[in-house]
Amino acid sequence: MDEKNTKQIILDVALGLFSAKGYEGVGVSELTAAAEITKPTLYYHFGSKEGLFDAVCKENYERLNNVAAKNSVYHPNPENYHEDIHKTLCNVVQAYFSFARENAAFYRLTMANLYMPPSSAMFEVAQKYHFEQYEILGKMFREMANYHGNLIGKDKHLAWLLIGAINTYIAYNTESDEKEFVHRFMHGIYS
């Protein structure tokens, strides 16, 4: 195996194990056995189990955050309800739903990361990547507020609410059409 391939195999195996058992539930011996590598190989590539967890988070959260950023670009059209906020939110929701379906193991891990105790060694590792999503969607709501004054100052709150609602639907595998989801979410925006 070449070095790049070995590193990716370790990342893939770690994602599966961390997703299934949580960070604390997986030992280094289990990781190395599942990846068919030695402990020195794991330490060479990642430095530690924590370093491996960080690399798993970095690789996958970057993909998720890129999807969120790409799909949260707001193109104002305040004269047409379905071509303005509604369209942008549908793009965001559809992107999250698709990403979660296509990356189920990682998305399960993100959900677990949300509820790690702050005293956990991994809390800060996961949160630094996770909170980028809130910044991305907060920016989207700030841009919307330039055309919809009722959103001014609500960007952070709305970003948290939107991601929380999306995660609830994903966690419970609720079959939902993104337009219906956005319709329900938007009732709260205009209050």
Side-chain angles (χ1 to χ4, degrees), residues 1-26 28 31 34-35 37 41-75 88-118 120-144 155-156 158-171 178 181:
M1 263 190 287
D2 64 49
E3 197 169 307
K4 185 176 180 180
N5 192 35
T6 299
K7 190 172 182 178
Q8 192 58 54
I9 289 169
I10 298 166
L11 286 166
D12 294 343
V13 166
L15 173 59
L17 289 171
F18 291 148
S19 176
K21 298 182 174 190
Y23 175 81
E24 301 294 337
V26 179
V28 171
L31 284 164
I37 59 166
T41 301
L42 182 128
Y43 296 136
Y44 169 77
H45 287 288
F46 302 102
S48 64
K49 179 180 151 187
E50 181 178 325
L52 174 57
F53 182 77
D54 187 32
V56 167
C57 287
K58 183 178 191 302
E59 176 182 72
N60 290 284
Y61 273 110
E62 281 180 358
R63 291 184 314 108
L64 174 58
N65 292 342
N66 287 337
V67 166
K70 178 182 173 190
N71 287 282
S72 64
V73 174
Y74 174 60
H75 302 285
T88 304
L89 291 178
C90 283
N91 289 342
V92 168
V93 170
Q94 190 278 329
Y96 269 88
F97 287 178
S98 292
F99 186 91
R101 275 191 303 276
E102 294 163 12
N103 302 277
F106 172 67
Y107 215 87
R108 235 183 349 271
L109 182 60
T110 69
M111 301 294 267
N113 290 347
L114 286 172
Y115 301 103
M116 283 183 180
S120 164
M122 295 304 97
F123 179 81
E124 285 188 35
V125 171
Q127 296 310 309
K128 71 182 174 189
Y129 298 114
H130 188 77
F131 283 106
E132 288 178 37
Q133 293 173 65
Y134 297 113
E135 291 301 318
I136 291 166
L137 296 187
K139 177 183 178 216
M140 174 190 72
F141 283 114
R142 284 190 299 279
E143 290 171 1
M144 290 173 176
D155 49 285
K156 183 176 181 179
L158 291 172
W160 283 78
L161 284 173
L162 181 59
I163 291 174
I166 289 169
N167 286 341
T168 299
Y169 271 70
I170 290 169
E178 64 269 1
F181 176 94

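Closest approach of Ser72 and Ile136 over heavy atoms only: OG-CG2, 3.5 Å. Between Ala105 and Ser19, the shortest heavy-atom distance links the atoms O-OG, 2.7 Å. Closest heavy-atom contact between Tyr23 and Glu50: OH-N, 3.4 Å. Phe123 approaches Pro117 most closely through the heavy-atom pair CB-O, 3.5 Å.
Here Leu52 contributes atom CG and Lys7 contributes atom NZ; the two are 10.0 Å apart, rounded to the nearest 0.5 Å. Taking CH2 of Trp160 as the reference point, atom CZ of Phe131 lies at 3.5 Å (rounded to 0.5 Å). In this structure, NE2 on His45 lies 5.0 Å from OG1 on Thr6, to the nearest 0.5 angstrom. The CG atom of Asn71 sits 11.5 Å away from atom CG of Leu89, with the distance rounded to the nearest 0.5 Å. Rounding to the nearest 0.5 angstrom, the gap separating the CG atom in Leu15 from the CD atom in Glu59 is 8.0 Å. Between the CD atom of Glu24 and the CZ atom of Phe18 there is a distance of 9.5 Å, given to the nearest 0.5 Å.
Classified by interplanar angle (parallel below 30°, tilted 30° to 60°, perpendicular above 60°), the ring pair Tyr134/His130 is perpendicular.
Side-chain contact of Tyr107 with Asn167: a donor-acceptor pair under 3.5 Å is present, judged by distance alone. For the 3.5 Å distance criterion, the side chains of Asn66 and Arg63 fail to qualify, holding no donor opposite an acceptor. Using modelled atom types, one finds a donor on one side chain and an acceptor on the other under 3.5 Å when comparing Asp54 with Tyr129. Using a 3.5 Å distance cut-off with no hydrogens or angles, the side chains of Gln8 and Asp12 do pair a donor with an acceptor. Under the 3.5 Å distance criterion, with hydrogens and angles disregarded, a donor-acceptor pair is assigned to the side chains of Gln94 and Ser98.
A salt bridge links Lys139 with Glu143: the distance from a Lys NZ or Arg NE/NH1/NH2 to an Asp or Glu carboxylate oxygen falls below 4.0 Å.
In this structure the side chain of Phe53 reaches within 4.5 angstrom of the side chain of Asn113, judged on heavy atoms. When side chains are defined from C-beta on, Leu137 does not count as touching Leu158, because their heavy atoms never get closer than 4.5 Å. Inter-residue side-chain proximity for Leu162 and Met140 is flagged as met; some heavy-atom pair is nearer than 4.5 Å. Two residues are said to be in side-chain contact when any heavy atoms from C-beta on lie closer than 4.5 Å; Thr41 and Ile10 meet this criterion. With a 4.5 Å cut-off on side-chain heavy atoms, Tyr61 and Leu109 do not count as touching.
For the pair Lys49 (side chain) and Val26 (backbone), a donor-acceptor distance under 3.5 Å is present.
Between Tyr169 and Tyr96, the distance separating the two ring centers is not shorter than 6.0 angstrom.
Annotation for Lys128: atom NZ counts as buried by contact number, over 12 foreign heavy atoms lying within 6.0 Å.
Checked options Leu17, Leu11, Val13; the residue passing with Val56 is Leu11 (criterion: side-chain contact (heavy atoms from CB on, under 4.5 Å)).
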